[in-house]
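Data block below; observations after.
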Amino acid sequence: NALSVILPILIPHYSYGKGLYDIGQNKLNENRQRFDAQTMTLAPVGSKDWWADDVIGDDIAWLVGLAVGFGILIILVELSEGSIATLASKGLEFLRIRSRNTSVDDSSVDEADDEDVAEERRRVNDMASTGFSADKREENTADTRDGVILHGITKTFGFGFGAKKAVRNLSVGMPRGQCFGLLGINGAGKTSTFKMITGEFAPTRGDTRVLVTGGGKREYLSVHEDLSRARTVMGYCPQFDGLQPNLTGREHLQFYAQVRGVPDELIDDTVNALLEKMSLTKYSERQAGTYSGGNKRKLSVAIALIGEPAVVLLDEPSTGMDPEARRFMWDVISASTKGRTIVLTSHSMEECEALCHRAGIMVAGKLRCLGPIQRLKSEHGAGYSLDLRVGGDGAIDAVRKLIERRVPDATLKEECATRLRYGLPSSAVASVFALLEDKSNEGLVQDYQLGQTTLEEVFLRFAEGGEEDE
């Protein structure tokens, strides 16, 4: 009797299978006979009505009841998605603390923070202490309020000693009218951060705030307390295309325009404008499953931009694109920054230098550096890089000895045939110019190139340091 109640609840399709079996047995009972001990004769068993409790009446009752119950549960979860996810995340964190029998305070993270990262955390904490007021702005300055604020967000997966911290105490503000680059190797926590911003799952601790304007009022909404309203100002291009292969590009945009609340009379104009903007007009009537990888990324970005969202999250938007299509995508993204916050992740350092006003490099879930691109290269780069092309037999040895004698701070990074590459501190630049322009050294060096450390070299430096820490 207990199993007949527990099984339908735990395994709803148990009632379906049992009902089919009972129908079959009821049909067979029409031709079955049973022995009557009192009359010592065989009597027909006979069939019953299908709605009888011992045929399928009880099974139908269970299925209908479970359908109604689970339907109500789904509606409740959808209506309070952010609150339920946050509550569940806090419950899991409590279990993690109990399993370790210790606190998981991340305040010690501040001690090893880069100066700019620590300053940004203090700024965000100051905003939190004043209730994240959206009305504070210095007079006679451009409106550069933060469109997105991450306040101490942390995400931990697993329990006990096997727990994995994907994101560690991340605090940063991302101003409107700018593109913010979130860089890091695979597994650094970029996609987990994106999913917490969009509310796909709740952070273990901390919160995300997005700036919402309307009715002459500005306010910072908590993603995890008011998820439905926060999502109305977000556009998201995921790392992997979420396209329906049987729908055309135009049908995708029409569908999402209706979801985003674009008025019916403006849908066609909005869709045509986006198709033109992304250079997809001639492919608009083709099914998305037939698109090339580059056109799929274009359509995903167009979906993220539909409805003019104030916050646009782009997770590796140019993946799989050829150089010409990538440059086109950069132009579209750059033109879309006006009045909105764009958050970009990419493995292309060239893309970040072209698009991002500020960038942060994540290593093992922690923000290791933060600031404008030029500042990152100046403060965290290894000075300058000198590339030399020498000519003539024995010239490469002569040049190497000459630089070792005249520029002792130079470090040989690479030597290949007639080429040399040196790393230079900033203080050695003047000495290098004096050496290379010296007439007495003519004929040794055919040409040279002196440049600042690239963003890619800064990125690799932090990535290698992160692997050592792990």
Side-chain angles (χ1 to χ4, degrees), residues 79-87 89-90 106 116-139 141-155 167-182 190 192-236 260-261 304-305 307-314 336-345 357-358 360 367 370:
L79 291 177
S80 56
E81 181 181 357
S83 300
I84 291 177
T86 301
L87 183 62
S89 182
K90 289 181 178 179
D106 275 344
D116 294 323
V117 176
E119 177 60 32
E120 182 71 2
R121 177 175 286 111
R122 285 191 291 269
R123 186 179 75 87
V124 172
N125 289 337
D126 289 342
M127 293 183 68
S129 65
T130 59
F132 290 103
S133 174
D135 296 323
K136 289 190 175 182
R137 178 165 67 94
E138 295 181 5
E139 296 182 0
T141 60
D143 186 359
T144 56
R145 296 179 179 89
D146 291 320
V148 179
I149 300 175
L150 308 182
H151 180 214
I153 61 172
T154 298
K155 185 62 182 179
V167 181
R168 303 167 182 259
N169 198 19
L170 189 60
S171 292
V172 62
M174 305 168 188
R176 293 200 308 172
Q178 295 187 10
C179 179
F180 181 88
L182 197 58
K190 306 185 301 297
S192 296
T193 301
F194 265 39
K195 289 183 177 180
M196 285 187 283
I197 295 175
T198 59
E200 187 169 340
F201 53 61
T204 304
R205 287 196 312 284
D207 196 5
T208 301
R209 302 272 175 164
V210 294
L211 181 63
V212 177
T213 60
K217 181 182 179 182
R218 297 184 178 91
E219 61 178 322
Y220 282 108
L221 287 182
S222 167
V223 169
H224 307 294
E225 293 178 1
D226 203 347
L227 181 58
S228 297
R229 286 186 63 198
R231 280 179 172 170
T232 62
V233 299
M234 291 187 192
Y236 182 34
R260 299 289 302 199
L305 294 175
E308 296 294 331
V311 177
V312 178
L313 307 170
L314 304 176
S336 301
T337 57
K338 185 177 181 180
R340 60 163 57 100
T341 301
I342 293 182
V343 187
L344 171 78
T345 68
H357 299 78
R358 287 202 311 162
L367 196 62
L370 176 70

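Hydrogens, waters and symmetry mates are skipped; everything else that's a heavy atom, side chains included, is used.
A pairwise comparison of heavy atoms in Leu344 and Cys179 identifies CB-SG, 3.9 Å as the closest pair. When all heavy atoms of Tyr220 and Arg145 are compared, the closest pair comes out as OH-CB, 3.9 Å. Across all their heavy atoms, Phe201 and His224 have their closest contact at O-CE1, 4.0 Å. When all heavy atoms of Ala230 and Val210 are compared, the pair lying nearest together is CB-CG2, 3.8 Å. Residues Val167 and Ser192 come closest through the heavy atom pair CG2-CB, 4.0 Å. Here the closest heavy-atom approach between residue Gly360 and residue Phe180 is recorded as N-CZ, 4.0 Å.
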Query raised in the report: Would Arg209 and Asp207 count as a side-chain contact (heavy atoms from CB on, under 4.5 Å) if you check the C-alpha gap in whole Å, the side-chain angles of each, and the deciding distance to 0.1 Å?
Result: CA-CA 7 Å; Arg209 302 272 175 164; Asp207 196 5; 3.9 Å; yes
Query raised in the report: Can you list the steps and then say if Ser222 with Thr208 is a side-chain contact (heavy atoms from CB on, under 4.5 Å)?
Result: CA-CA 6 Å; Ser222 167; Thr208 301; over 6 Å; no
Requested in this report: Could you go through the side-chain contact (heavy atoms from CB on, under 4.5 Å) check for Asp146 and Met127 one step at a time?
Outcome: CA-CA 11 Å; Asp146 291 320; Met127 293 183 68; 3.8 Å; yes
Report task. Quick one: do Met234 and Ile197 satisfy side-chain contact (heavy atoms from CB on, under 4.5 Å)? Show the steps, please. Result -> CA-CA 9 Å; Met234 291 187 192; Ile197 295 175; 4.3 Å; yes
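Not a single donor-acceptor pair under 3.5 Å links the side chain of Lys155 to the backbone N or O of Arg205. Under the 3.5 Å distance criterion, the side-chain polar atoms of Asn125 are matched with a main-chain donor or acceptor of Arg121. Checked by atom type and distance alone, the side chain of Ser171 pairs as donor or acceptor with a backbone atom of Gly152 at under 3.5 Å. At least one donor-acceptor pair closer than 3.5 Å links the side chain of Arg260 to the backbone N or O of Thr232.
Looking at heavy atoms from C-beta onward, Gln178 lies out of side-chain contact with Ile342 at the 4.5 angstrom threshold. The side-chain heavy atoms of Ser336 and Leu305, taken from C-beta on, include a pair separated by under 4.5 Å. In this structure the side chain of Val312 never reaches within 4.5 angstrom of the side chain of Thr341, judged on heavy atoms.
Shown here are the side-chain contact (heavy atoms from CB on, under 4.5 Å) partners of Glu120, two or more places apart in sequence or in another chain: Arg123, Val124, Val172, Arg358, Leu370. With sequence neighbours excluded, no residue forms a side chain to side chain donor-acceptor pair (under 3.5 Å) with Thr337. Legend: residues meeting ring pair (Phe, Tyr, Trp, His ring centres under 6.0 Å) with Phe132, ordered by chain and number and at least two apart, are His151. Residues passing the salt bridge (Lys or Arg N to Asp or Glu O under 4.0 Å) test with Arg340 are Glu308, sequence neighbours excluded. Scanning for side-chain contact (heavy atoms from CB on, under 4.5 Å) contacts around Thr345 gives Leu182, Lys190, Phe194, Asp315, Glu316, with sequence neighbours left out. Judged as a side chain to side chain donor-acceptor pair (under 3.5 Å), and not counting sequence neighbours, Thr198 has no contacts.
Side-chain atoms of Thr154 and Asn169 form no donor-acceptor pair, as typed in the model, at a separation below 3.5 Å.
A salt bridge links Arg229 to Glu219: at least one charged side-chain nitrogen sits closer than 4.0 Å to a carboxylate oxygen.
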